[in-house]
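Notes for the one structure printed next.
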Amino acid sequence: MTRELPWPAALPPDARARVEAVLDGCPPHRRTTFALRVARWWDDLVTGLMPYADPPAVAARALELAARAYRDRDEELHELDERRSLEPDWFQRPDVIGYAAYAERLTPEGTLAGVGTAADHLRELGVRYLHLMPLLEPRPEPSDGGYAVADYRSVRADLGTMEDLHRLTTDLRRRGISLCLDLVLNHVAREHPWAQAARDGDERYRRYFHVYPDRSVPDSYERTLLEVFPDFAPGNFTWDEDLEGWVWTTFNSYQWDLAWDNPDVFCELADVILFLANQGVEVLRLDAIAFIWKRMGTQSQNEPEVHRLTQALRSLARITAPALTFKAEAIVGPNEVVHYLGVGKHHGKVSDLAYHNSLMVQVWSMLASRDSRLATHALGRFPTVPSTTAWITYLRCHDDIGWAIDDDDARSVMVDGAGHRTFLSSFYSGEFAGSTAQGLVFQHNPATGDRRISGSAASLAGLGRALDLLEQVVDQEGFDEATAAVDDAIARLLLGYAVVFGFGGIPVIWSGDEVATLNDERWAAVAAQADDNRWAHRPRLDWARVDGAQEDPTTPTGRVLAGMRHLSAVRASLPHLHASVPAKPVAAPDPGVFAVLRRHPVGPMLGLYNVTESPRTVPSWWIREQGLAVDQAIDALNGYPPNLTADGSVYLSTYQPVWLVRP
C-alpha cells in the first residue's frame with residue numbers, strides 16, 4: 001500500500017501533482033522529508049508573496065523550482081541539511097569566527113582552487129565562516145568591485161569555474177568552514193542576458209526592469225531618493241538608447257535595478273538561490289536588499305515588501321536546503337536594520353544574519369573621542385532581535401566607513417551630530433591635530449558635508465605613522481616615543497577587535513587585519529581602481545608577513561596575530577558569547593570605559609574596554625550592581641583575577657579590554 005505524502009491541505013492539487021512528478025525518482029524518505037518541509041513552510045511562503053496579485057499561484061510555481069533543486073541536491077548536502085536542522089544555532093555559537101576576503105587576493109594563486117591553501121591559517125584563527133567577496137561573473141570593468149553581475153551561474157574566469165566552486169565548498173566544509181557568497185538582489189549588469197534581451201526588444205524581459213519613456217516619473221521619484229555614489233553616479237536613472245527609455249540605476253549607470261514587483265523576477269532569483277545552495281554555498285549575503293522595492297514619495301529603501309519577499313525566499317530555502325543561511329546586507333539605522341532579522345509578524349522569519357554597522361562606527365568614534373557615552377546610548381537603544389538570529393560584527397570591511405551617527409543619539413549625550421561626523425572625518429583622514437590615523441576621504445558631498453573614510457584598520461589605528469616615527473629615530477628619547485606610539489596603535493587595533501569579539505554574533509576579521517596590514521600605497525596603479533580609494537584597504541594578503549608574524553611574535557605583526565588568535569580561543573571557551581544572549585551596553589561611571597553586559601544562564605559576563613591612552617578604574621560597587629562580585633570574578637582574557645587598586649576598583653591599563661566572568 002502506497003502511503004500518501006503529508007502535504008499541507010492548502011497546497012492546490014494541481015501544484016501537488018506537478019511537484020510529485022518532479023520528485024518521482026527520489027527515495028521515499030526524501031519525498032516524505034520534502035512534503036513535511038512544505039507543510040511546515042507553506043504558509044510563510046504564501047504570506048511572504050502577498051505583494052503579488054496571486055500569492056498561491058506564485059508559491060506553487062516557486063515550489064516546483066524548489067522540488068527540482070531538492071531532487072538534484074548532493075547526498076552530502078542532504079546530510080548537512082539534516083545536521084543543521086538538528087543544530088540550528090550553529091552560527092550563533094561562540095566558536096564561530098568569520099573571515100572576509102577577495103578570493104583573488106587571499107592566496108598567491110589568486111584562484112578558487114588556491115583558496116583551500118589558506119585553510120590552515122584560517123583554522124588557526126578559529127575561522128569557521130569564510131566570506132569570499134563577489135566572484136560570480138561580472139561585466140567588464142568597471143564592475144563596482146564585482147557587484148555588477150552579468151551571469152549568476154558562472155564564476156569569474158580568472159578565478160575558475162562553477163565546478164571549482166563546488167570543490168572548494170566541499171573541501172572547506174570538511175575542514176569545518178562554511179562558505180559565504182554575495183548574491184546581488186537589487187540589480188544586474190547591463191550586459192546580463194535579461195538586460196540584453198530587454199535591449200533587444202523582448203517585452204517580457206523589459207518588464208524585469210523599471211523603464212520609463214520620459215523623465216516625468218523618474219523626476220517624481222528623484223524628489224525623495226538619495227544618491228549612493230554622488231561623485232561616481234549622480235541621480236538614480238540612466239537613459240539607454242537601446243531601450244529608448246530611462247532605466248532605474250540606483251548605484252551605477254551600468255547596474256540596472258530589477259523590478260521585484262514582477263513575480264517572474266522573484267522566481268528567477270529564487271532559482272538562482274537554490275542553484276547556489278546546491279553548489280555547497282552555506283551563507284548568502286543578500287546584497288543591496290534594502291532597495292529591491294520601489295515606492296513613490298519614499299527613499300525606496302526598507303519598504304515592508306522587502307521583508308515579505310525575503311520571508312518567501314527564506315521559506316523556499318528552508319524547504320529545499322535548510323543548511324542555507326541568509327545574511328542581509330542592509331546598512332541602515334537601528335530601527336530599520338532589526339526588521340531584516342524579523343520583528344512583529346516576520347519575527348525570526350526573514351534573514352538569519354545582519355550587519356551591525358553601528359557597532360563598527362561607534363568603536364571608531366570611541367577611539368577618536370576617548371568617550372563611550374555616545375556609543376553606550378546609541379547601541380543601547382537597539383531593539384531586541386529574535387533569539388534565533390545573530391549580528392555580523394566587524395571592525396573593518398571591504399567598504400568605506402560612513403559616519404552613521406544619529407542626530408537624536410548625539411543630542412541625548414550633549415553632542416552635535418553634524419559636528420561629530422565632521423570631527424570623525426577629520427580625525428581619520430589625519431587632518432585633526434594630534435591624530436595619527438591615515439585614512440582617505442571617500443565620496444565627499446559638499447552639499448551635505450558628508451565625508452566617508454577608506455583605510456585599513458591598522459592605518460586608522462595609527463600604526464603606519466607610528467612605524468614611520470620608529471624609522472626616523474635618532475636618539476633614545478625618539479625611540480621611546482616611537483615605541484610607545486607603536487604600542488598604542490597595536491593596543492587600539494586589538495581593543496577594537498576585542499569589542500567586536502566580545503559583543504556576540506559572528507565577529508568577522510577583514511583579510512589582513514590579523515597581521516596589521518597597512519593601506520596599500522599602490523591602490524591606484526590599476527586603472528579600473530584609480531578613482532576608488534576603497535582599494536587602499538583591499539590589498540593582497542602578504543603571506544611573507546603572515547609567516548614572519550608566526551615566526552616572531554614580538555614584531556608588531558606578530559603581536560597582532562597572537563592577539564587575534566588569543567581573542568578567538570578565549571571567545572570559543574565562553575558560553576556567555578552565544579548569540580542568543582543579547583548584549584547590553586551599560587553606562588560605566590568613567591566615560592573613558594565602554595561596558596557591555598551579557599546575562600547568560602551560567603552567569604553574567606561584563607566586558608570593560610578602556611577606550612583611552614590613560615589608565616582607568618571601574619569601582620567594585622558598580623560592578624557588583626551588574627551582578628558580579630569582583631573578588632569572585634576572573635578576567636577570561638588572562639585567566640586571573642582582575643587587577644585591583646587600593647580601594648578595590650578594577651584597574652584598566654592603556655586601551656585594555658577585560659572580560660569579567662565567574663570562574
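Excluded from the calculations below are hydrogen atoms, water molecules and symmetry mates; all remaining heavy atoms, backbone and side chain alike, are included.
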State whether the side chain of [X] and the backbone N or O of [Y] hold a donor-acceptor pair below 3.5 Å, judged by distance alone.
| X | Y | value |
| --- | --- | --- |
| Thr238 | Thr249 | no |
| Ser220 | Ser216 | yes |
| Thr47 | Asp44 | yes |
| Asp164 | Thr161 | yes |
| Ser456 | Thr517 | yes |
| Trp256 | His210 | no |
| Arg199 | Arg190 | yes |
| Gln311 | Val350 | no |
| Asn252 | Asp144 | no |
| Glu227 | Phe229 | no |

Can you list the steps and then say if Arg534 with Asp399 is a salt bridge (charged side-chain N to carboxylate O under 4.0 Å, His left out)?
-> CA-CA 6 Å; Arg534 291 175 297 179; Asp399 222 341; 2.9 Å; yes
Grab the two heavy atoms, one from [X] and one from [Y], that are nearest each other, plus how far apart they are.
| X | Y | answer |
| --- | --- | --- |
| Trp364 | Leu395 | NE1-O, 2.9 Å |
| Gln255 | His187 | NE2-NE2, 3.2 Å |
| Leu136 | Arg156 | O-CG, 3.9 Å |
| Trp523 | Leu440 | NE1-CD1, 4.0 Å |
| Val265 | Ala259 | CG2-O, 3.4 Å |
| Arg396 | Gly455 | NE-O, 2.8 Å |

Let me confirm one number: the [atom1]-[atom2] distance from [X] to [Y], rounded to the nearest 0.5 Å.
| X | Y | atom1 | atom2 | result |
| --- | --- | --- | --- | --- |
| Asn186 | Glu329 | CG | CD | 10.0 Å |
| Ser154 | Leu165 | OG | CG | 11.0 Å |
| Ile319 | Asp81 | CD1 | CG | 12.5 Å |
| Arg452 | Asn533 | CZ | CG | 10.5 Å |
| Ser454 | Asp532 | OG | CG | 7.0 Å |
| Leu132 | Arg285 | CG | CZ | 12.5 Å |

Apply side chain to side chain contact (heavy atoms under 4.5 Å, CB included) to the pair Gln529 and Glu141, showing each step before the final yes or no.
-> CA-CA 9 Å; Gln529 301 169 4; Glu141 293 291 352; over 6 Å; no
For atom CD of Glu336, is the number of surrounding heavy atoms from other residues, nucleotides or ligands below 6.0 Å larger than 12?
-> yes
[Y] and [X] aromatic ring geometry - parallel, tilted or perpendicular at 30°/60° bounds:
| X | Y | answer |
| --- | --- | --- |
| Phe34 | Tyr70 | tilted |
| Phe237 | Trp248 | tilted |
| Trp260 | Phe266 | perpendicular |
| Tyr340 | His307 | perpendicular |
| Trp403 | Tyr428 | parallel |
| Tyr221 | Tyr212 | tilted |

Under the salt bridge (charged side-chain N to carboxylate O under 4.0 Å, His left out) test, which residues partner Glu64, sequence neighbours left out?
-> Arg18, Arg68
Sub-4.5 Å side-chain heavy-atom contact between [X] and [Y]:
| X | Y | value |
| --- | --- | --- |
| Gln279 | Thr169 | no |
| Val281 | Leu183 | no |
| Ile401 | Met360 | yes |
| Pro507 | Ile97 | yes |
| Leu243 | Arg206 | yes |
| Trp239 | Arg215 | no |
| Leu106 | Tyr99 | yes |
| Lys327 | Tyr129 | yes |

side-chain contact (heavy atoms from CB on, under 4.5 Å) partners of Glu268, counting only residues at least two apart = Trp194, Arg204, Tyr205, Tyr208
Would Tyr355 and Tyr394 count as a ring pair (Phe, Tyr, Trp, His ring centres under 6.0 Å) if you check the C-alpha gap in whole Å, the side-chain angles of each, and the deciding distance to 0.1 Å?
-> CA-CA 8 Å; Tyr355 284 100; Tyr394 53 104; 5.6 Å; yes
Would you sort out whether Arg174 and Glu76 count as a salt bridge (charged side-chain N to carboxylate O under 4.0 Å, His left out), showing the intermediate values?
-> CA-CA 10 Å; Arg174 291 170 181 174; Glu76 190 171 322; 2.7 Å; yes
Ring-face cation of Arg139 near Tyr254 (centre distance under 6.0 Å, axis angle within 45°) = yes
For Arg451 and Asp400, what are the C-alpha separation, side-chain angles and deciding distance, and is it a salt bridge (charged side-chain N to carboxylate O under 4.0 Å, His left out)?
-> CA-CA 10 Å; Arg451 290 192 302 164; Asp400 56 280; over 6 Å; no
Is there a donor in the side chain of [X] and an acceptor in the side chain of [Y], or the other way round, less than 3.5 Å apart?
| X | Y | value |
| --- | --- | --- |
| Asn236 | Glu222 | yes |
| Glu109 | Thr111 | no |
| Thr250 | Asp257 | yes |
| His166 | Asn278 | no |

Residue pair Phe291, Phe251: steps toward the ring pair (Phe, Tyr, Trp, His ring centres under 6.0 Å) verdict = CA-CA 10 Å; Phe291 297 86; Phe251 290 85; 5.1 Å; yes
Could you walk me through whether Val283 and Phe91 pass the side chain to side chain contact (heavy atoms under 4.5 Å, CB included) test, one step at a time?
-> CA-CA 10 Å; Val283 183; Phe91 59 85; over 6 Å; no
Criterion ring pair (Phe, Tyr, Trp, His ring centres under 6.0 Å) on Trp510 and His537, from CA distance to verdict | CA-CA 9 Å; Trp510 177 246; His537 58 258; 7.1 Å; no
Do Asp54 and Arg61 sit within salt-bridge range, that is, some charged N less than 4.0 Å from a carboxylate O?
-> no
